[in-house]
There are 2 protein chains.
Amino acid sequence: MRKRAASDEATRIRLLEAAGPVFAAQGFHKAKIRDICARAGANVAAVNYHFGDKLGLYTEVLRYSVSAAVLDPGLITGAPEAKLRGFVHMMLDSVFKATRPAWYMKLVLQEMSNPTPAIDELVKEFIRPRYRLLCELIGEMIGQSRNARITQLCAHSVVGQARHYLIANIVIERVWPQFRFTPDELEELTDHITAFSLAGIKAAGKTRKKIRSKSAAWGK
Amino acid sequence: MRKRAASDEATRIRLLEAAGPVFAAQGFHKAKIRDICARAGANVAAVNYHFGDKLGLYTEVLRYSVSAAVLDPGLITGAPEAKLRGFVHMMLDSVFKATRPAWYMKLVLQEMSNPTPAIDELVKEFIRPRYRLLCELIGEMIGQSRNARITQLCAHSVVGQARHYLIANIVIERVWPQFRFTPDELEELTDHITAFSLAGIKAAGKTRKKIRSKSAAWGK
DNA sequence: GCGCGTTTCAAACATCTGTTTTAAACTGGC
DNA sequence: GCCAGTTTAAAACAGATGTTTGAAACGCGC
């Protein structure tokens, strides 16, 4: 019996490459395996043969592209402000890039909106490390632990803003038709979210101190 | 021929009342009309008889509950800061309220994430007026038009934050298990988003002025 | 070139779910 | 109390779509 050799996995690879953009654009449920197979030039049965079922393919797509170095949090370096911008940029950048690593963020956002059983692995392998990074960054800014409530609230404020633009396009284009996702406007948007959040984070840090001194004033 | 009298619409009303929470919790596609009919104590054919099809029922549910005064932005009064908090509260409050008017916000958020053909009417009748209100509010704060880019960017920053908590619970509970949607924490969250946004908006106003004076310095 | 495990393919299958059908039950007016 | 129009009910229907089947094609080692 011959084990699966690299050369034999051509169809498997083609399926993974074809499925990524489809799942990223349409989400798990709306994506049709007949569509994916057509793009991959493969028979529908190939999905079952190579991955067991649709969810198996989906899970493998997630694993297959999580290694994309472009999204490596290690790339985000420098001053806290620059790091924050790097984080926001990482999230928004995926709008344009159609290359393999980039649609991964769309996959993540799809999964956040419409979770599948793959959510657990995705959280563990991708989301949690980046969430932690963001919390450490914010905590550092306001002199709080990364586990502090205020720190995590701020983290979700940052993520929420970026996410909004990536998944609410249909509504945004109706209430604000002038807004377009050109590269220039993406930069503008990145700058806005960064500046807006920076101010919000600083204010949160001050409020926290205020509350603390207030408690101190009340005595113990 | 007898026209549809009020007393004849018992089934119709029961269907609308039963469908609201189901659509709000699961969205249009995941909601099953057999489930809705079972809750309403009606036959599946009743949906087609009274509303034509599933989308007809969905659209009527949207119309049926849009009049809910709880979500009336006119109720949001006071200083700009208080108005902003009122707006945020309006969005978040729907998490708990299981009463008729309250799950409407969930319907709106579902529609924003997974639009149906009903999106146009929803934008026109519900979203746009509130978006305009928010923009006027923010514009007033930073001395800009409600149509200014910076104003609208800030508006989306506010909406994005609130929306995040209402639709990403699955992820939030995994990266931050301690967070719960108790009434107290909902107040805390409302306060946080308001304060965070207030700081962000003020900073955006200042940046704008800075840019303007910079342009002025460059001469014309 | 034979044999055996591997891979591909077209077709059939199964299920879920919105929709339609057809007849029966009901309701109010005469 | 019957009739016309209205409403309800159970069942059948139809389309989309994930899954399985069984046979054919392939490819490597002997």
Side-chain angles (χ1 to χ4, degrees), chain A residues 1-62 107 110-111 114-118, chain B residues 1-62 64 110-111 114-118:
Chain A
M1 171 166 58
R2 194 186 44 177
K3 284 207 73 176
R4 211 159 43 196
S7 60
D8 287 26
E9 301 195 346
T11 303
R12 182 184 157 89
I13 301 290
R14 283 207 318 280
L15 277 172
L16 287 171
E17 297 276 2
V22 175
F23 281 133
Q26 310 181 13
F28 177 73
H29 285 102
K30 286 185 190 170
K32 309 303 173 196
I33 67 172
R34 278 176 172 82
D35 176 28
I36 292 169
C37 289
R39 289 165 192 247
N43 189 275
V44 280
V47 168
N48 274 267
Y49 180 77
H50 287 283
F51 303 98
D53 57 12
K54 187 185 179 184
L55 186 62
L57 169 60
Y58 183 72
T59 308
E60 278 305 312
V61 167
L62 250 35
L107 274 176
Q110 289 278 5
E111 188 68 20
N114 302 95
T116 71
Chain B
M1 171 167 56
R2 193 186 45 178
K3 285 207 71 173
R4 212 158 42 196
S7 60
D8 287 26
E9 301 197 343
T11 303
R12 182 184 158 90
I13 300 290
R14 283 208 316 282
L15 277 172
L16 287 171
E17 298 277 1
V22 176
F23 281 133
Q26 309 181 16
F28 177 72
H29 286 102
K30 286 184 190 169
K32 310 300 173 198
I33 68 172
R34 278 175 173 82
D35 176 27
I36 292 169
C37 289
R39 288 165 193 248
N43 189 277
V44 280
V47 168
N48 275 267
Y49 180 77
H50 287 284
F51 303 98
D53 56 11
K54 188 185 180 184
L55 186 61
L57 169 61
Y58 183 71
T59 308
E60 278 306 311
V61 167
L62 249 35
Y64 177 69
Q110 289 277 6
E111 188 69 20
N114 303 94
T116 72

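Just so we're on the same page: letters track the sequence lines, and every chain starts at 1.
For the side chain to side chain contact (heavy atoms under 4.5 Å, CB included) with B:Phe28, the qualifying choice from B:Val61, B:Leu57, B:Leu55 is B:Leu55, the only one to do so. Put simply, the residue from A:Leu15, A:Thr11, A:Asn43 that forms a side chain to side chain contact (heavy atoms under 4.5 Å, CB included) with A:Cys37 is A:Leu15.
Within residues 52-61 of chain B, no residue has a heavy atom under 4.0 Å from DNA chain D. Of the residues in residues 22-39 of chain B, B:Arg34 come within less than 4.0 Å of DNA chain D through at least one heavy atom, sorted by number.
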Steps toward side-chain contact (heavy atoms from CB on, under 4.5 Å) verdict (B:Phe51, B:Thr59): CA-CA 9 Å; B:Phe51 303 98; B:Thr59 308; over 6 Å; no
Chi angles and distances behind the side-chain contact (heavy atoms from CB on, under 4.5 Å) call for A:Leu62, A:Phe23: CA-CA 10 Å; A:Leu62 250 35; A:Phe23 281 133; over 6 Å; no
Would you please test B:His50 and B:Glu60 for side-chain contact (heavy atoms from CB on, under 4.5 Å) and show each step? CA-CA 10 Å; B:His50 287 284; B:Glu60 278 306 311; over 6 Å; no
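The distance between atom OH of A:Tyr49 and atom P of C:dG5, rounded to the nearest whole Å, is 13 Å.
When distances run from any side-chain atom of A:Asn48 to the nucleotides D:dT8, D:dA11, D:dT20, the shortest one goes to D:dT20.
OP1 or OP2 of C:dT8 has not a single side-chain nitrogen or oxygen of A:Asn43 nearer than 4.0 Å. Not one side-chain nitrogen or oxygen of B:His50 sits closer than 4.0 Å to the OP1 or OP2 atom of D:dT6.
When the side chain to side chain donor-acceptor pair (under 3.5 Å) test is applied to A:Glu111, the partners found at least two apart in sequence or on another chain are A:Tyr58, A:Thr116.
Contact check for B:Asp35 versus B:Gln26: side-chain heavy atoms found under the 4.5 Å cut-off. Side-chain contact between A:His29 and B:His29 is absent, with no heavy-atom pair separated by less than 4.5 Å.
Along DNA chain C, the nucleotide nearest to B:Val47 and the one nearest to A:Ala46 differ in position, and the one closer to the 5' end is contacted by A:Ala46.
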